[in-house]
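Written below as structure tokens is the structure these notes are about.
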Amino acid sequence: MPELPEVETTKRGISPHVLQQRIANVTIRQRSLRWPIPDNIEQILTGQRITAIERRAKYLLLYLEHNTQKALLIHLGMSGSLRIAKPDDAILKHDHADIGFENGLILRYSDPRRFGCILWLDTPPIENKLLSHLGPEPLSEEFDGDYLWQKSRGKSIAVKQFVMDQKVVTGIGNIYATEALFTAGIHPNKAAGKVSKAKYALFVADAKRILERSITQGGTTLRDFVGGDGKPGYFAQQLLVYGRKGEPCPNCATTLKEIRLSNRSSVYCSQCQK
DNA sequence: ATTCTACCCTGCAAGC
DNA sequence: TGCTTGCAGGGTAGAA
């Protein structure tokens with residue numbers, strides 16, 4: 001489920017239940033994620049108090065007391081989720097990891113496809129290979145049209161792949177790239193180096209607006225989620241073109257087309273996106 | 001240096 | 001009903 005808004009709302013949702021709580025026990029049922037969960041993660045975490053949670057791109061960083069330079073790194077991959085569970089809650093098939101607290105609540109990691117990861121960073125996160133090369137956060141001021149325009153000069157790669165490259169900007173996944181390219185009127189297959197500064201400015205403004213709106217909606221989703229209802233309303237948001245191949249363009253009624261870039265679906269309007 | 005391809009894994013929907 | 005196929009919100013390593 002996770003694109004950036006869902007990771008952000010996951011962070012907001014678990015924070016009140018997890019911050020300042022001391023870890024009483026750790027149970028790993030399936031170590032084989034994208035990379036194996038470290039063998040010693042149980043002993044590293046047990047007895048420690050979680051003092052801070054950060055999101056960087058689609059990664060979550062959980063810091064322990066006296067250890068601001070070390071952190072637990074969690075990524076949800078394509079299908080992962082975190083929820084707050086109670087001791088009596090049933091353990092489902094893909095609930096791979098539990099972090100149990102002294103107050104009895106459990107931070108439970110689930111990931112059917114196991115594309116996510118749970119790693120221990122024992123060097124400053126900024127130095128970690130997975131985090132060091134990440135581009136700016138999409139909601140930061142640093143991310144603007146000029147930045148994208150500058151960064152894209154001379155690139156022949158399709159603009160959609162360019163804006164989904166985490167080295168360029170983090171947190172823009174397939175859905176948001178598809179949507180923002182549509183509202184900005186940019187053909188997904190246009191060479192990144194040939195998109196104008198003005199178009200990039202439109203794209204950035206639209207991407208930020210869509211992400212912010214999704215985060216707002218995600219809050220509602222997460223309250224249900226944490227409460228144990230587990231009904232993600234993520235898709236309830238209005239997507240204009242994503243997943244709507246063959247339907248009329250909401251702007252001009254031309255039938256929406258689909259191309260595949262990097263083997264990922266890209267829906268677009270051939271009339272509105274040039 | 002940039003761009004492309006294959007791959008990690010399970011679940012689900014569509015088609016036969 | 002049951003089988004096969006293709007697709008899914010991500011991101012890396014290594015090849016071209």
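This is a predicted model, so every value here is computed, not measured. Labels below follow one simple rule: chain letters A, B, ... track the order of the sequence lines, proteins then strands, and each chain is numbered from 1.
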Could you tell me which residues satisfy side chain to side chain contact (heavy atoms under 4.5 Å, CB included) with A:Y63, sequence neighbours excluded, listed by chain and number? A:T51, A:A52, A:E54, A:L61, A:A71, A:P125

B/S/- along nucleotides 11-16 of chain C (protein heavy atoms under 4.0 Å) is BBS---

With the side chain of A:S265 defined as its heavy atoms from C-beta on, choose the nearest nucleotide among C:dA8, B:dT10, C:dG9. C:dA8

Any ring-ring contact (aromatic ring centres under 6.0 Å, His included) pairs touching residues 181-213 of chain A, not counting sequence neighbours? A:H187-A:Y268

Choose from B:dT3, C:dG9, C:dA8 the nucleotide whose nearest atom is closest to any side-chain atom of A:E258. C:dA8

Tell me which donor-acceptor pairs under 3.5 Å the side chains of residues 155-164 of chain A have, and how far apart each pair is, sequence neighbours excluded?
| residue | atom | partner | partner atom | Å |
| --- | --- | --- | --- | --- |
| A:K160 | NZ | A:N174 | OD1 | 2.6 |
| A:K160 | NZ | A:S266 | OG | 2.8 |
| A:Q161 | NE2 | A:S262 | OG | 2.3 |

Establish, with yes or no, whether the OP1 or OP2 oxygen of B:dT10 is under 4.0 angstrom from a side-chain nitrogen or oxygen of A:R114. yes

Aro-ring/base stack A:F115-B:dC8, d under 5.5 Å, angle under 30°: yes

Look at A:S79 and C:dG10 and indicate whether a side-chain polar atom (N or O) is within less than 4.0 Å of OP1 or OP2. no

Short side-chain N/O contact from A:R260 to OP1 or OP2 of B:dT5, under 4.0 Å: no

When you measure from the side-chain N and O atoms of A:Y242 to the phosphate of C:dG9, is any distance below 4.0 Å, counting only OP1 and OP2? yes

Using Watson-Crick and G-U wobble pairs whose two distances are both under 3.5 Å, how do you write the pairing of DNA chain C as dot-bracket, with | for links to another strand? .|||||||.|||||||

Considering all heavy atoms, the nearest A:C272-A:C252 contact: SG-SG, 3.7 Å

Using a 4.0 Å heavy-atom cut-off to protein, can you give one letter per nucleotide of nucleotides 11-16 of chain B, 5' to 3': B if the base is in contact, S if only the sugar-phosphate is, - if neither? S-----

